[in-house]
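On a predicted model such as this, the values are computed, not experimentally measured, just so you know. Every chain is numbered from 1 and lettered A, B, ... according to where its sequence line falls, protein lines coming before strand lines. Just so it is clear, the values below take in all heavy atoms, side chains as well, and ignore hydrogens, waters and symmetry mates.
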Amino acid sequence: EPEVTQTPSHQVTQMGQEVILRCVPISNHLYFYWYRQILGQKVEFLVSFYNNEISEKSEIFDDQFSVERPDGSNFTLKIRSTKLEDSAMYFCGDGLSSYNEQFFGPGTRLTVL
Amino acid sequence: SQQGEEDPQALSIQEGENATMNCSYKTSINNLQWYRQNSGRGLVHLILIRSNEREKHSGRLRVTLDTSKKSSSLLITASRAADTASYFCATVPDSNYQLIWGAGTKLIIKP
């Protein structure tokens, strides 16, 4: 059964460094998402992406964040200058259409030191 | 807003018993989805129920939705030790496509 995959599983970085989190969505899905979960807190929406552009973003998704689908298969989340409070589990999700199930990858644990 | 609040926060039952978790939400929704998360791991989709549906089944899972009360319940029948996990409800509002998550119910099944 097709699955969303994410790499790396764990990323440790120094404050101020740039990180790129990678996702390979399920091949025929059209809607892509990033969410994050700070340890012990709720899962929070960051951004949705459809037809090669951002369709929605939350207040968390400020100028330090960007998303890209560079080659039609990978979907990436870039954080330009990481802060301590960016430490969280980041989940990539996708869906066949806007109001269908969202399926998630196993997550990338980002630790900012 | 505190969309998607689950209760109880934690539930501990014996293997073989049924587990019921509840979720309440505030805004009008297109659908509501339940997910499972094993400790520190990924989010596994369990079931989606649309706003025009009242009940849905999948294996040992039964989900109900009451849009007049803005609430949903997830019933796991004949629980197993492997069902031990956190369970989250997440709603998709009418107005956009993002999932809005609750804080989850931590379910422990004692063998």
Same apolar cluster (I L V M F W Y, side chains within < 4.5 Å links), Val67(A)/Ile26(A): no

Nearest heavy-atom approach of Val92(B) to Asn96(B) is CG1-O, 3.4 Å

Any side-chain heavy atom of Phe45(A) within less than 4.5 Å of one from Glu56(A)? yes

Toward chain A: residues of residues 12-22 of chain B with heavy atoms under 4.5 Å: none

So do the side chains of Ile54(A) and Phe49(A) get within less than 4.5 Å of each other, counting heavy atoms only? yes

Between Thr84(B) and Ile109(B) (side chain of the first, backbone of the second, donor and acceptor by atom type, cut-off under 3.5 Å), is there such a pair? yes

Give the interface residues of residues 41-71 of chain B toward chain A, defined by a heavy-atom separation under 4.5 Å. Arg41(B), Gly42(B), Leu43(B), His45(B), Leu48(B), Arg50(B)

Name the region of Tyr50(A), side chain, backbone, both or neither, that has any atom closer than 4.5 Å to a heavy atom of chain B. neither

Out of curiosity, does Trp101(B) fall in the hydrophobic cluster containing Tyr97(B) (side-chain heavy atoms, cut-off under 4.5 Å, transitive links)? yes

Using modelled atom types and a 3.5 Å cut-off, is there a donor and acceptor pairing between side-chain atoms of Thr105(B) and backbone atoms of Tyr87(B)? no

More than 12 non-hydrogen atoms from neighbouring residues, nucleotides or ligands closer than 6.0 Å to CZ on Arg22(A), yes or no? no

Fit a plane to each ring of Tyr31(A) and Tyr33(A), take the angle between them on a 0 to 90° scale, and name the class: parallel (under 30°), tilted (30 to 60°) or perpendicular (over 60°). parallel

Name the region of Asn30(B), side chain, backbone, both or neither, that has any atom closer than 4.5 Å to a heavy atom of chain A. side chain

For chain B, which residues from residues 76-92 of chain A lie under 4.5 Å away (heavy-atom distances)? Met89(A), Phe91(A)

By a 4.5 Å heavy-atom criterion (distance strictly below it), what part of Gln41(A) contacts chain B: side chain, backbone, both, or neither? neither

Determine, stepwise, if the pair Glu44(A) / Ile38(A) fulfils side chain to side chain contact (heavy atoms under 4.5 Å, CB included). CA-CA 9 Å; Glu44(A) 300 172 291; Ile38(A) 294 170; 4.2 Å; yes

Verify same cluster id: Phe32(A), Val24(A) (apolar side-chain graph, 4.5 Å): no

Donor-acceptor check, side chain of Asn31(B) to backbone of Tyr99(A), threshold 3.5 angstrom: yes or no? yes

Please determine whether side chain to side chain contact (heavy atoms under 4.5 Å, CB included) holds for the pair Cys89(B) and Tyr25(B), giving the CA-CA distance in whole Å, both sets of side-chain angles, and the decisive distance to 0.1 Å. CA-CA 9 Å; Cys89(B) 73; Tyr25(B) 57 91; over 6 Å; no

Test of ring centre spacing under 6.0 Å for Phe65(A) and Trp34(A): no

Tell me, for Asp94(B) versus chain A, whether the close heavy atoms (under 4.5 Å) come from the side chain, the backbone, both or neither. backbone

For Gln98(B), is it the side chain, the backbone, both, or neither that has a heavy atom closer than 4.5 Å to a heavy atom of chain A? both

Are side-chain heavy atoms of Leu107(B) and Ile76(B) found at a separation under 4.5 Å? yes

Quick check on the structure: residues of residues 101-113 of chain A within a heavy-atom distance below 4.5 Å of chain B, by number. Glu101(A), Gln102(A), Phe103(A), Phe104(A), Gly105(A), Pro106(A), Arg109(A)

Between Tyr35(B) and Gln33(B), is there a side-chain heavy-atom distance shorter than 4.5 Å? yes

Crowded around Gln9(B) CD? As in, over 12 foreign heavy atoms under 6.0 Å? no

Is Leu46(A) reachable from Leu21(A) through a run of I, L, V, M, F, W or Y residues, each pair having side-chain heavy atoms under 4.5 Å apart? yes

Check: Trp34(B) and Cys23(B) side chains under 4.5 Å, non-hydrogen atoms: yes

